[in-house]
Amino acid sequence: ALVLSYYLETHSKQCNLVDKNVIEIGAGTGLVSIVASLLGAFVTATDLPELLGNLQYNILQNTKQKCKHQPCVKELSWGIDLEKNFPRSSCHFDYIMAADVVYHHPFLDELLLTFDHLCKNDTVILWAMKFRLENENRFVDRFQTLFDLEMISNFPSLNIALYKAMRKGRMRP
């Protein structure tokens, strides 16, 4: 989250978030959502139901009366009720942001489904990833069957990479 937040802040001209629709999946403490909100985005911070209280608290404490648009917090369990909770016809996100969502857990298929469901042809995915085990590499390979992936920053000493992705065939040079 620190890597992605730092990128957003230091590249705010290239990655202008003012009045953009942003969703953060697996928001955790909400750091990326807070930074995106402070940079002017309409933010939807999402996570599992049991984490929403802490997420809501953190976001309110750090954004109330400091942002152009007050962020909203919403439940998102990967792969579950996606069309019901985020209908393709009415939900459009300019950016999907994710920090450290790929690790050893049994929901990587659902995570990929969620990326696919939320991503339109012009949506940009910004994804910070810490590499721990071989599972992460396999997920990246599977992710690349649906999305073009570009590493935009790398921190080898931390085993962290920051990626930009778009639907296959949509990445601009």
Side-chain angles (χ1 to χ4, degrees), residues 1-47 69 71 74 76-79 82 86 88 91-173:
L2 290 171
V3 168
L4 182 49
S5 295
Y6 179 77
Y7 177 84
L8 294 174
E9 186 178 2
T10 58
H11 293 80
S12 60
K13 293 221 184 336
Q14 303 96 304
C15 183
N16 183 358
L17 296 181
V18 176
D19 299 331
K20 299 289 195 260
N21 284 317
V22 172
I23 186 168
E24 183 184 8
I25 61 174
T29 61
L31 179 61
V32 172
S33 291
I34 291 164
V35 171
S37 295
L38 294 171
L39 292 171
F42 291 98
V43 174
T44 303
T46 68
D47 215 314
H69 312 289
K74 197 167 176 182
L76 174 58
S77 298
W78 300 336
L82 293 174
F86 298 91
R88 285 185 197 259
C91 284
H92 179 275
F93 298 104
D94 299 296
Y95 290 92
I96 298 170
M97 299 194 184
D100 204 24
V101 293
V102 177
Y103 50 89
H104 187 69
H105 60 72
F107 303 107
L108 294 178
D109 291 340
E110 291 83 353
L111 174 59
L112 191 57
L113 271 173
T114 301
F115 272 123
D116 186 46
H117 179 84
L118 296 173
C119 191
K120 301 278 197 237
N121 284 339
D122 59 346
T123 302
V124 174
I125 298 170
L126 293 175
W127 168 30
M129 183 166 146
K130 181 170 180 75
F131 288 85
R132 297 175 181 89
L133 303 164
E134 190 57 35
N135 271 3
E136 286 89 353
N137 294 324
R138 283 198 300 274
F139 182 83
V140 171
D141 292 342
R142 291 184 48 231
F143 185 87
Q144 288 181 303
T145 64
L146 298 173
F147 303 99
D148 289 322
L149 192 61
E150 172 191 350
M151 185 183 295
I152 54 176
S153 202
N154 190 18
F155 303 88
S157 65
L158 301 171
N159 289 331
I160 295 174
L162 180 58
Y163 294 107
K164 174 183 174 182
M166 290 186 82
R167 263 209 198 286
K168 280 270 184 207
R170 293 295 181 169
M171 193 82 91
R172 292 177 209 100

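All heavy atoms count here, side chains included; hydrogens, waters and symmetry mates do not. Residues take their numbers from the sequence shown, with the count starting at 1. These figures come from a predicted structure and were not determined experimentally.
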What are the two closest non-hydrogen atoms of Glu24 and Ser33, and how far apart are they?
OE1-OG, 2.6 Å
Stacked cation flag Lys74 on Phe86, 6.0 angstrom / 45 deg
yes
Measure up the Phe115 and Phe143 rings against each other and bin them: parallel (under 30°), tilted (30 to 60°), perpendicular (over 60°).
perpendicular
Flag the pair Leu113 / Trp78 as yes when at least one side-chain heavy-atom distance between them is below 4.5 Å, and no otherwise.
no
Shortest non-hydrogen pair, Val22 vs Ala36, comes out as CG1-CB, 4.5 Å
OH on Tyr6 to CZ on Phe155, rounded to 0.5 Å
8.0 Å
Measuring only between side-chain heavy atoms, which start at C-beta, is Ser153 closer than 4.5 Å to Val3?
no
Report the C-alpha separation of Phe42 and Asp94 in whole Å, then their side-chain angles, then the decisive distance to 0.1 Å, and conclude whether the side-chain contact (heavy atoms from CB on, under 4.5 Å) test is met.
CA-CA 10 Å; Phe42 291 98; Asp94 299 296; over 6 Å; no
Look up atom CG in Leu39 and atom CD1 in Ile34, then write down how far apart they are to the nearest 0.5 Å.
12.0 Å
Heavy-atom side-chain contact between Glu9 and Leu38 under 4.5 Å:
no
Report the distance from atom SG of Cys15 to atom OH of Tyr7, rounding to the nearest 0.5 Å.
6.0 Å
Just wondering, do Leu111 and Ile25 contact through their side chains at under 4.5 Å, heavy atoms?
yes
With a 4.0 Å cut-off on N to O distance, would you call Arg167 and Asp116 a salt bridge?
yes
Correct closest heavy-atom pair for Val101 and Trp127 would be CG2-NE1, 4.2 Å
Closest approach of Leu118 to Leu76 (non-hydrogen atoms, all atoms of both residues):
CD1-CD2, 4.3 Å
Kindly compute the distance separating CD1 (Ile125) from OH (Tyr163), expressed to the nearest 0.5 Å.
13.0 Å
Arg88 backbone acceptor or donor facing Lys120 side chain under 3.5 Å
yes
Please step through side-chain contact (heavy atoms from CB on, under 4.5 Å) for the pair Met166 and Asp148, ending with a clear verdict.
CA-CA 5 Å; Met166 290 186 82; Asp148 289 322; 5.5 Å; no
Evaluate the side-chain proximity of Val32 to Leu126: yes if any heavy-atom separation is below 4.5 Å, no if none is.
no
Can you name the one residue among Leu17, Thr123, Asn21 that meets side-chain contact (heavy atoms from CB on, under 4.5 Å) with Tyr95?
Leu17
Which atom names give the shortest non-hydrogen contact between Asp47 and Ala27, and what distance separates them?
OD2-N, 3.3 Å
Looking only at heavy atoms, which two atoms of Ala161 and Met151 are closest? And how far apart?
CB-CE, 4.0 Å
Scan Ile160, Leu158, Val140 and name whichever one has a side-chain contact (heavy atoms from CB on, under 4.5 Å) with Phe131.
Val140
So CG of Asn16 and CG of Leu8: to nearest 0.5 Å the spacing works out to 11.5 Å
Does Thr44 use its side chain to pair, donor to acceptor, with the backbone of Ile23 at less than 3.5 Å?
no
Calculate, to the nearest 0.5 Å, the distance between atoms NZ and CD belonging to Lys164 and Gln14 respectively.
10.0 Å
